Structure formats: structure tokens, C-alpha cells
Amino acid sequence: MLSDSKFGFGLMRLPKDAENNIDIDQVKAMVDGFMASGFNYFDTAYVYNGSEEAMKAALVDRYPRESYTIANKIHKMALKTKEQVAEVFNESLRRCGVDYFDFYLIHAINRKLYGEYQEFGCFEYCQEQKEAGKIRYLGFSFHDDADLLDQVLTEHPEIDFVQLQLNYLDWDSGVIQARNNYEVARRHNKPIVVMEPIKGGNLAVLPDHIEKIFKDYNPDASMASWALRYVGSLEGVMTILSGMSTPGQMADNLATMKDFQPINSQEASLIAKITKEYLALKTIDCTACRYCVAGCPKNILIPDLFAAYNDQMAYGKTSRPKTFYLEHTGEGHGLASECIACGKCEHVCPQHLPIIDLLKKVAATFE
Ligand code: SF4
Ligand code: SF4
């Protein structure tokens, strides 16, 4: 394997202070706990606002360079011209305070972005940086179907690893295609980095009647531990990323990953049962990546409105989801019904959600 760290600290959802800035002291404590547990893979990206700088302060400035590995990514969102590919790469090195990346990824490839990354020469540029010693291993993160994954890996044999969205809920999803993509990566013999193993936190807090099924089997196991163990039991998985926001989440995940126990066949059947029950709730599969928010002309806080809807579907009609919905509309933020169907959000959604139609359901539920 290219990394000996089975667990990776995803730096996309870092803890915030009262002023909504990244809480560097908290991040430092989490980095220390993570390193002390024997893990060393840190995953940031140019488009994770403030993440690279926070990682520099909490990790790079405090630990020897050879004691940790950094994965960084270039996203088309940050590129308006071909020349900016080099500018963004060098800016990332500067923000992180390093002179090379252990892992570098072309970010969130889908059919549309694949063409644009090729047009901008991203693969060639990254390969040149690898030859120059500024990238050790080159990969990409992926959000599309298995046919495209097969095509990209066939056209780019220089790719060292792939990052896929794998979790038990999406395993047989026709949209995310977790199983199909996993099988393609295995066929191409590429080590796999898993993203969204807990589905943006959705699998860490399950509706009561679903959680009870897990608790009846093992009262001590957290919901997140089931999700991590599921993907960690798959062959070919190099590193599992978790975008942790609190020391509590980190402590729970570290407890699972330090003394890793693969899923047995009885547990696999239990997870299959849970998946069926959960999917029957018909919630919205938003991972709260927030890629859709910046471009919305009506400034609709799409993931927050979806979270309110999911909460209501999962837990029933309590006052909580409606209050949450109201807190995330108004004062410049549009209602779900104010969507003008421009489609900008759907173009960037890595989960391929039909956001316009879903917002109509949200509006019908809360307005
Ligand atoms: S389709 Fe609606 S929600 Fe999406 S960006 Fe346009 S106005 Fe915003
Ligand atoms: S709707 Fe899509 S792009 Fe927006 S936060 Fe959810 S998953 Fe991300």
C-alpha cells in the first residue's frame, strides 16, 4: 500500500469557534490525538475554505515533515484558465507550508469535469509535478458511474490510487454506484481511499428504531463504528477518511480504527437489514459538502434545508425540523420555494441530486 495509515483525518468539516472561524486550538488537540494513535494521513483541498492554513498551523508547523502525509486536491471550481492550474498548485503548497504533497488528487471527477480537466491539461501538469518530486502519488476523487471510472483509469494508467465514496447505505445505489465503482478500482488494481464512509455524518446518528437494531446486537458499539468497520473490511482499501468536527467524534473513530475488527457474516446480514429499513425512509442523500451553496443566485442554504427535511422524515413531525428550517431562511437566504430553477447547484452536486425537485418537496413540507 502507498500509505500505512488505515485511517485519514478529513479536514473538510473542521470545528468552528463562536465567530464561525476554524478553531485552531481544537484542531491542534485533534491532530495530536490522531498522531498519538499512530495514524498520519491528512486530507485537505484547495476549496476547503481555511483548511490548508489550519492544517499548516496545527500539523506542519508542529511536527517533522516525515512524520505525516498530506493529501491535497485541485478542483475545477478554482480554475478559470489553463494557466491557473500551476498557480493553484503552488498556492496550495504555500498555504500548507510544504514543498511536496504525498498524495495529490484531481478533485471530484464526473463526466463534465473530466472533459474540463483534460482540456486544462491537469493530468499532464500533475504528472510533471510528480516527476519533479512535488507529488509522490497521483490520484483522483470520483463522483460518477462505473463506466466513466473504467474509462478514466484506462486512459490514465499513470494514476496511482482512487478516492471513492463507499458506505453501506450507498453500496447498491444506482446513483452513487459504490459497489460498481469499487469493483472497477479493484479490477484496475488501484489502492482505494474511502470518502464519506459515514455519509457526511448521516450514518452516525440513525433514527431510533434503526439504531435499536444495532444496539440490540451490540449495545456498546457506536453507529459510526459500524460504518467504518464496513468499509474497512473491504479488500484493497488503503485509507478511510472521516471528516471529523469534534474531539468526541475523533475519539469514537480512533477507538474503532486502532483495534480494527472486520465485519463478520452475521454483522454483514444485520447491515443489509438496516440498509433496507433506512432506504425505506426515502430521505435526501445530501452529504452537506456545500459545493452548491456559493453559486445559488437566491442564496438558498440547500444542505441545511435538506437536513431539516431529512430530520422530519426520520423522526416524525416535531417542532425541531421546522424551527431549523426557519433559522436557515430569511435575512438574505431564500426559501425553498424561491428557487428559480437555474440549475447551477445541480451541475456541481457530487451526489447528482435533483435539487430543484427536492426543494419543491421541502417547500411543500415546511412552507
Ligand atoms: S436551481 Fe434553485 S437552488 Fe439551485 S442554484 Fe438555482 S436558484 Fe439556487
Ligand atoms: S445538495 Fe449536493 S452539492 Fe449541495 S451540499 Fe448536498 S451533496 Fe453537496
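Note that ligands are numbered from 1 as they come in the structure, with each ligand's atoms numbered from 1 the same way. Predicted model, so just to flag it, every value in this text is computed and none were measured.
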Going by the atom numbers of ligand 2, which of them fall below 4.0 Å from some non-hydrogen atom of [X]?
X: Q351; answer: 7 (S)
X: P350; answer: 3 (S)
X: I355; answer: 1 (S)
X: T287; answer: 7 (S)
X: P303; answer: 5 (S)

Review point. Is atom 2 (Fe) of ligand 2 less than 2.8 Å from an N/O/S atom of C349, whether that atom is in the backbone or a side chain?
Key: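 C349 does place an N, O or S atom closer than 2.8 Å to atom 2 (Fe) of ligand 2.
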Which atoms of ligand 1 have any heavy atom of [X] under 4.0 Å away?
X: I302; answer: 3 (S)
X: A341; answer: 1 (S), 2 (Fe)
X: C345; answer: 1 (S), 3 (S), 4 (Fe), 5 (S)
X: G343; answer: 1 (S), 6 (Fe)

Measure from the ring center of [X] to the ring center of [Y] and say whether it is less than 6.0 Å.
X: F103; Y: F161; result: yes
X: W171; Y: Y182; result: yes
X: Y104; Y: F89; result: yes
X: Y291; Y: H75; result: yes

Check your understanding: Should the proximity of V293 to ligand 2, defined as any heavy atom under 4.0 Å, be assigned to the side chain, the backbone, both, or neither?
Key ->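 No part of V293 comes within reach of ligand 2.
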Point to revise | Proximity to ligand 2 by part of R290, non-hydrogen separation under 4.0 Å | key: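 Backbone only.
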Check your understanding: Parallel, tilted or perpendicular: which describes the rings of Y309 and F366, with under 30° parallel and over 60° perpendicular?
Key ->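 Answer is perpendicular, since the angle exceeds 60°.
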Check your understanding: Would you say C289 reaches atom 8 (Fe) of ligand 2 with an N/O/S atom under 2.8 Å?
Key ->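 Yes, within the cut-off.
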Check your understanding: Under the 6.0 Å and 45° cation-pi test, does K76 pair with F120?
Key ->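 Checked: cation-pi criterion met.
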Review point. So is G200 close enough to ligand 2, meaning a heavy atom under 4.0 angstrom away?
Key: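 It does not, in that no heavy atom of G200 comes within the 4.0 Å cut-off of ligand 2.
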Exercise for review: Tell me yes or no: between the side chains of Y63 and D32, is some donor less than 3.5 Å from an acceptor?
Suggested key: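 Yes - a donor-acceptor pair under 3.5 Å links their side chains.
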Exercise for review: Establish, from distance only, whether the side-chain atoms of H352 and D144 form a donor-acceptor pair under 3.5 Å.
Suggested key: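 Note: H352 and D144 side chains miss the donor-acceptor criterion.
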Review point. Hey, is there an N, O or S on C292 sitting under 2.8 Å from atom 4 (Fe) of ligand 2?
Key: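 It does: C292 brings an N, O or S atom closer than 2.8 Å to atom 4 (Fe) of ligand 2.
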Starting from [atom], what is the nearest protein heavy atom, named by residue and atom, and what distance separates them?
atom: atom 6 (Fe) of ligand 2; result: C286 SG, 2.4 Å
atom: atom 8 (Fe) of ligand 1; result: C296 SG, 2.4 Å
atom: atom 2 (Fe) of ligand 1; result: C339 SG, 2.4 Å

Point to revise | N-O pairing of K212 and D216 below 4.0 Å | key: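 Between D216 and K212 there is a salt bridge, with a charged N closer than 4.0 Å to a carboxylate O.
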**Study point:** Backbone of A221 reached by a side-chain donor or acceptor of S225 within 3.5 Å
**Key:**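 Pair absent, no side-chain N/O of S225 close to backbone of A221.
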Review point. Would you say V60 and E52 make side-chain contact, with heavy atoms under 4.5 Å?
Key: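 Contact flag for V60/E52 side chains = no.
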**Study point:** Common cluster, Y137/V152, ILVMFWY with side-chain heavy-atom separation under 4.5 Å
**Key:**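 Different hydrophobic clusters.
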Point to revise | Pick from I356, I340, L359, L358: the one approaching atom 3 (S) of ligand 1 most closely through a non-hydrogen atom | key: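 Comparing heavy atoms across I356, I340, L359, L358, the nearest one to atom 3 (S) of ligand 1 lies in L359.
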